[in-house]
Amino acid sequence: MELRFTKMHGLGNDFIVIDAISQPAALSALDSAVVRRLADRHFGIGFDQLLIVEPAREGGDFRYRIFNADGGEVEQCGNGARCFARFVHDRNLTNRHTIRVETARGIITPTIEINGEVSVNMGVPCFEPAQIPFTAPQRALTYPLTIRDKELEISAVSMGNPHAVQIVADIEQAPVASEGPLIESHERFPERVNAGFMQIIDRTHIRLRVFERGAGETLACGTGACAAVVCGIARNLLDNEVRVAMRGGQLHIRWAGENHPVWMTGPAVTVFEGTIHL
Ligand SMILES: N[C@H](CCC[C@H](N)C(=O)O)C(=O)O
């Protein structure tokens, strides 16, 4: 079997996008073992996540499915949402500039801006531990989290997918490689978690690194940027509009506060087209 794919990235967080509307056989072919093999940067194509474009089922324009490099299907991907919008727009699968995209955790609405960037309403963040999911007696701004012999102070939030965010003094010295995997697989996160490391530069500017669930440290993480900003705003450490600088580039995040949606704006780039031989 052959499948056409498009290689894309959002600030270096890289994806392959597969149109399962014109290639319905993709849905049965892409099991977790195949996704893992394709994700390998030597034996496969190489990507952080695989994105699938499916026909809508619940009144949206499209359905959007996301698989991490480890083969696990997940609920949300922010950089991927911008690339998804760019993909369906550039292939004339829609003539809309604001697209209603069904995800495992509700509808998100990317808009292709005049300057070519993509803005996405990423939905309302959820801080309730049970919804993240995260084991904690009650909702709090921060929680102690013990890994090996060290107690961390984290915030926890869901952007549809789970995030644990901690503040560090120097992002370049942050223990992402050593602590990231321990946080990712911590028992208090029964579905594992994305581990964010945030350095606050000032109330409108942070630097961020994310050890992603199922992918490891990526050059950028869209939901991670949203999670870090809303946790910072909830702690009154940030204003409502924040520039998030990551290794792959910058995102602009806006949040008006509790019960409001988070807005993310940034680029989406098409790199090449290819054919998978399964
Ligand atoms: N690793 C994430 C999915 C991809 C998120 C990230 N690439 C983004 O841009 O939001 C998870 O397991 O929840």
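Below, all heavy atoms of this structure are taken into account, side chains as well, without hydrogens, waters or symmetry copies. One-based numbering, in listed order, for ligands and for the atoms of each. None of these values were measured; they are calculated from a predicted model.
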For Leu3 and Leu278, work out which heavy atoms get closest and say how close. CD1-CD1, 3.8 Å
How are the rings of Phe189 and Phe134 set relative to one another: parallel (under 30°), tilted (30 to 60°) or perpendicular (over 60°)? parallel
Count the heavy atoms belonging to other residues, nucleotides or ligands that lie under 6.0 Å from CZ of Arg254, then report whether that count exceeds 12. yes
Got more than 12 heavy atoms from elsewhere within 6.0 Å of NE2, His277? yes
If the criterion is any heavy atom closer than 4.0 Å to an atom of ligand 1, which residues make the list? Asn13, Gln49, Asn68, Val74, Gln76, Cys77, Gly78, Asn79, Asn161, Asn194, Glu212, Arg213, Cys221, Gly222, Thr223
Show me the side-chain donor-acceptor pairs of residues 261-276 shorter than 3.5 Å, one per line, residues at least two apart or across chains.
from, atom 1, to, atom 2, distance (Å)
Thr265, OG1, Ser119, OG, 2.7
Glu273, OE1, Thr6, OG1, 2.7
Glu273, OE1, Arg91, NH2, 2.8

With the 4.5 Å side-chain cut-off for hydrophobic clustering, are Leu30 and Val17 part of the same group? no
